[in-house]
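Only one structure is covered here, and it is reproduced in the block below.
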Amino acid sequence: MSVIDIKTKQKSPAALLLRGELIGKLKLSKAQMNAYLKDGMPHYLIGNEYRFLENEVVKWLETYRPPQQRLESEFRDKKGRTLKEYVTQKVVLATLRITKETLQGLSKRGMPFERVGEKEFFHIQDILDYFRKGSLTPATGPATEECLTPLGNNVPKDVPIIIVDGSYNFNNQTAGSGLILIENRETAMGVSNVRKIATTKPHVSELLALLDALKLMKKKKFNKTIIVNDQKSWSNGITIDVNSYEGPIKTYLLEFNQLWTELKGKVVVKYAGEMNNGKKNLLYQKAHSLSREYEKEVFKEIKFLS
């Protein structure tokens, strides 16, 4: 009986490339190679030596984007804006006509900017709002009534209105709040406050601004108050799970929940979009500007003119 050997034909696999061979084939620098490895480029570690399959690496490089590029494309600020609406340091220097040293000093003192990866980006309108003094329109008479329409149309004049906004500076880890208190539709008082807080949730600053409004309401013993903010969903109710926030913030949120429970029957929360010009409203813009001053409980009398 004869024995027949059956041999299967198998394609010989591609040889693994050494690190230097891959660098030569793909014309990479050592720095590029190290960066790719750090970002997860497919490789094999045999002992302490790297090996690569060229086809795997080429396929990976086809869809590869550097971390900085990914961060920039995925960026959204607290207002939902992308980096397309931001500019680089070079543009800011030319617009403000200042030096790099001056820009660094202003940034440290609270001038708004966003750090994305290793780069800094700036929103020109935010910067102009931060430095703006005076009114955008000539002074011809009181404008609080006009600014509050149509939101204030059905609100009695003796019911105070508090417009609030919060801002968070990741660079300094500070949460700022700005409040505009309007009484009798004739006088307006601005209040700014700041807290040193480390958080990954910038909307915490909005909650702290709301907390400051509740504290102001209790201090002045208001029987009813309208609080206006830029969080549309809060108009339908506010529920806070304290345990979902970082430790240092819980103390403030517990205080918020306590005050909210105590005063919610006297508070109506409204959305800034219900006012004339929405978030471009002069009163809201002033609250926004105060939130970026990062000053401790500074009270200012404000005269709004149209």
Side-chain angles (χ1 to χ4, degrees), residues 78-79 112 125-126 129-130 132-137 142-168 175-194 202-220 222-236 238 256 259-260 263-264 266-295 297-306:
K78 59 181 292 187
K79 296 183 177 180
Q125 189 58 54
D126 285 353
D129 290 341
Y130 177 77
R132 189 185 309 283
K133 303 295 180 183
S135 172
L136 290 174
T137 54
T144 51
E145 192 74 33
E146 180 183 345
C147 286
L148 291 171
T149 57
L151 179 146
N153 290 349
N154 298 317
V155 178
K157 287 190 176 183
D158 60 347
V159 174
I161 297 176
I162 305 177
I163 301 170
V164 307
D165 192 39
S167 297
Y168 189 74
S177 59
L179 284 67
I180 300 295
L181 168 61
I182 302 159
E183 296 183 80
N184 300 315
R185 310 293 174 85
E186 295 174 355
T187 61
M189 179 179 67
V191 185
S192 62
N193 201 359
V194 65
H203 74 271
V204 163
S205 63
E206 304 289 348
L207 286 169
L208 294 176
L210 210 56
L211 170 61
D212 286 339
L214 294 176
K215 292 171 71 174
L216 181 61
M217 177 184 171
K218 184 174 181 179
K219 180 180 179 181
K220 287 186 166 285
F222 293 148
N223 291 322
K224 186 174 182 180
T225 307
I226 306 295
I227 297 180
V228 183
N229 73 102
D230 65 358
Q231 304 296 307
K232 191 172 185 179
S233 62
W234 288 355
S235 301
N236 300 319
I238 302 173
F256 175 87
L259 272 176
W260 182 251
L263 300 173
K264 66 179 181 181
K266 301 178 179 180
V267 180
V268 177
V269 177
K270 294 285 189 177
Y271 175 51
E274 296 182 50
M275 293 190 299
N276 187 22
N277 290 326
K279 292 184 182 181
K280 293 182 179 179
N281 182 283
L282 287 177
L283 295 168
Y284 173 78
Q285 285 294 316
K286 186 59 182 179
H288 176 71
S289 177
L290 285 169
S291 75
R292 291 182 175 273
E293 290 189 7
Y294 301 108
E295 295 181 347
E297 295 182 344
V298 176
F299 293 79
K300 303 175 181 178
E301 183 180 352
I302 297 172
K303 294 181 180 179
F304 285 93
L305 302 172
S306 62

Testing the basics here: between [X] and [Y], what is the closest heavy-atom pair and its distance to 0.1 Å?
X: Tyr284; Y: Gly278; answer: CB-O, 4.4 Å
X: Lys279; Y: Tyr271; answer: CE-OH, 3.8 Å
X: Ile163; Y: Leu283; answer: CD1-CB, 3.4 Å
X: Ser205; Y: Gly166; answer: OG-C, 3.4 Å
X: Asp165; Y: Ala209; answer: O-CB, 3.5 Å
X: Ile182; Y: Ala188; answer: CG1-CB, 4.2 Å

Any side-chain heavy atom of [X] within less than 4.5 Å of one from [Y]?
X: Pro160; Y: Lys220; result: no
X: Ile162; Y: Asp212; result: no
X: Gln285; Y: Leu282; result: no
X: Leu208; Y: Tyr168; result: no
X: Lys270; Y: Val228; result: yes
X: Glu293; Y: Val194; result: no
X: Phe256; Y: Leu210; result: yes
X: Leu214; Y: Trp260; result: yes

Does Lys78 have more than 12 heavy atoms from other residues, nucleotides or ligands lying within 6.0 Å of its NZ?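 Enclosed.
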Has Lys280 got more than 12 heavy atoms of other residues, nucleotides or ligands less than 6.0 Å from its NZ?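 No.
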Could you give the distance from [atom1] ([X]) to [atom2] ([Y]), rounded to the nearest 0.5 Å?
X: Leu148; Y: Asn153; atom1: CG; atom2: CG; result: 9.5 Å
X: Asn236; Y: Gln231; atom1: CG; atom2: CD; result: 12.5 Å
X: Asp230; Y: Glu206; atom1: CG; atom2: CD; result: 4.5 Å
X: Lys266; Y: Ile227; atom1: NZ; atom2: CD1; result: 12.5 Å
X: Leu151; Y: Asn276; atom1: CG; atom2: CG; result: 11.0 Å
X: Asn277; Y: Thr149; atom1: CG; atom2: OG1; result: 9.0 Å

Give the intermediate values and the outcome of side chain to side chain contact (heavy atoms under 4.5 Å, CB included) for residues Asp129 and Arg292. CA-CA 9 Å; Asp129 290 341; Arg292 291 182 175 273; over 6 Å; no
Under the 3.5 angstrom rule, does the side chain of Lys232 hit a backbone N or O of Gly273 as a donor-acceptor pair?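 No, the answer is negative, given that no donor and acceptor are paired below the 3.5 Å cut-off.
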Do the side chain of Ser291 and the main chain of His288 share a donor and acceptor less than 3.5 angstrom apart?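 Yes, because the side chain of Ser291 sits within donor-acceptor range (under 3.5 Å) of the backbone of His288.
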